Amino acid sequence: MSMPAKIPKRKLRKIAAQTIADSPNAALAPHVPNNADQEKRMQALDLVFGMWKDRDDVPKDGLAFQQEMRKEW
C-alpha cells in the first residue's frame, strides 16, 4: 500500500491552472473576472441605473403589466 503524495495547495492550484490553459478546450473554460473587471461593470451599472425612471411610455410595475397582458389570453 502506497502513501498518496502531499502537494501544497498553492502548487496544486498552479498545476491545475496550467493544465486548463494547455487543454484543447481552453477556449470553452469559463472566464473568471478579476476585481478590475468587476469594478468596470459596477461603474457602468451606476451610469445607467434609473435611466428609464422618468419615462411614461413604459409601465412602472412590470409584474402588474405582465398579469394584465396575460388576462387577454
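Excluded from the calculations below are hydrogen atoms, water molecules and symmetry mates; all remaining heavy atoms, backbone and side chain alike, are included. The model shown is predicted, which means the values in this text are computed figures rather than measured ones.
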Once you round to the nearest 0.5 Å, how far does CD of Glu68 lie from CG of Asp61?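 Taking CD in Glu68 and CG in Asp61, the distance rounds to 10.5 Å.
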Suppose clustering is done on Ile, Leu, Val, Met, Phe, Trp and Tyr with side-chain heavy atoms closer than 4.5 Å. Which residues sit in the same group as Met69?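 So far as hydrophobic clustering goes, Met69 is joined with Phe65.
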Other cluster members, Met42 - Ile/Leu/Val/Met/Phe/Trp/Tyr, side-chain contacts below 4.5 Å: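 Met42 clusters with Leu45.
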Salt bridge (Lys or Arg N to Asp or Glu O under 4.0 Å) with Asp56: which residues, sequence neighbours excluded?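 Applying salt bridge (Lys or Arg N to Asp or Glu O under 4.0 Å) to Asp56 gives none.
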